[in-house]
Amino acid sequence: MDGGMKPTVAPVLILLGPPGAGKGTQARMLEETYGLIQLSTGDLLRAAVAAGTPAGKQAKAVMEAGDLVSDEIVIATLRDRLMEDDCAKGVILDGFPRTIVQAAALDALLSDTGQRINAAISLEVEDAAMVARISGRFSCGGCGEGYHDSFKPTAKPGICDHCGSTEMKRRADDNAETVAQRLEAYHAQTAPLIDYYETKGALSRVPAMGAIDDIAAQLHDVVSQATA
Ligand code: ADP
Ligand code: ZN
């Protein structure tokens, strides 16, 4: 490179881990710290369901059952969002890819735009704890901040610490039965991605059973190295 200048290609980070691993919580923190855009296919699909789009209509029952939405729908949804201008700052993918087919589609998309994956970070947790984490969680309808009945309650009951909204939401698929199916789908279809990214030399593992801030600190180390 001329004069030690580095090419300024926007970073691409992937968060891997089962439902309840804390991908969304950590992605929001990284978004603030690094000025990246969090892309959650779960959020995009829930928005499509709420808006009643054709994709949303197909996804609704599948999501309620805890199964994976078809690769076709998810890839198209992600691709559309990735093309929007703000994503040029760099992205944190949360909940995508979730299958080998999606991972290959992402590789193709990125090679089209001259980008690469800086890091695929696996949040390492124990399944047994995930049901409790998910069953107690809720989020603010105003700003999207995530909370948990026991692990991260609001300071004042029913009022968001960040924006003061009193509109709290619980997801339809956050019940014990659906969680079990989501964990099964994770192990069958998504866990193989850990090997996929390890083979590419892009994988980092972060223990994620501890406190939210400790995990954030470890992620910070990995991300600053990967984007340096
Ligand atoms: P969690 O990771 O806690 O299960 P998400 O919000 O990421 O929650 O996903 C919720 C649901 O949305 C999944 O159970 C699945 O039905 C669907 N979904 C989200 N992302 C994908 C994806 N990449 N591929 C297939 N289905 C997806
Ligand atoms: Zn809020």
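Residue numbers start at 1 and run along the sequence shown. Please read all numbers here as calculations on a predicted model, not as lab measurements. Numbering of ligands and ligand atoms starts at 1, following listing order.
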If we count only N and O atoms by modelled type, under 3.5 Å, do the side chains of [X] and [Y] hold a donor and an acceptor together?
{"X": "Glu124", "Y": "Ser122", "value": "yes"}
{"X": "Asp71", "Y": "Thr99", "value": "yes"}
{"X": "Glu72", "Y": "Ser70", "value": "no"}

- line: Ordered by chain then number, the protein residues lying under 4.0 Å from ligand 1 by heavy atom are Pro19, Lys23, Thr41, Gly42, Leu45, Arg46, Met63, Asp67, Leu68, Val69, Val74, Gly95, Phe96, Arg98, Gln102, Arg137, Arg171, Asp173, Arg182

- prompt: Which residue pairs satisfy the side-chain hydrogen bond (donor to acceptor under 3.5 Å, both in side chains) criterion with at least one member in residues 215-225, sequence neighbours excluded?
  reply: Tyr34-His220

task: Please confirm whether the backbone N or O of Phe138 pairs with a side-chain atom of Arg171, one donor and one acceptor, at under 3.5 Å?
output: no

query: Within the distance-only criterion (no hydrogens, no angle test), does the side chain of Thr33 pair as donor or acceptor with the backbone N or O of Leu30 below 3.5 angstrom?
result: no

- request: Please name all residues satisfying salt bridge (Lys or Arg N to Asp or Glu O under 4.0 Å) with Glu184, sequence neighbours left out, ordered by chain then number.
  value: none

task: Taking the side chain as every heavy atom from C-beta outward, state whether Gln102 and Val74 have any atom pair closer than 4.5 Å.
output: yes

- line: Protein-derived N, O or S atoms sitting under 2.8 Å away from the Zn ion (ligand 2) total 4

statement: Checking Thr41, Leu44, Leu82 against Thr77 for side-chain contact (heavy atoms from CB on, under 4.5 Å), the one that qualifies is Leu44

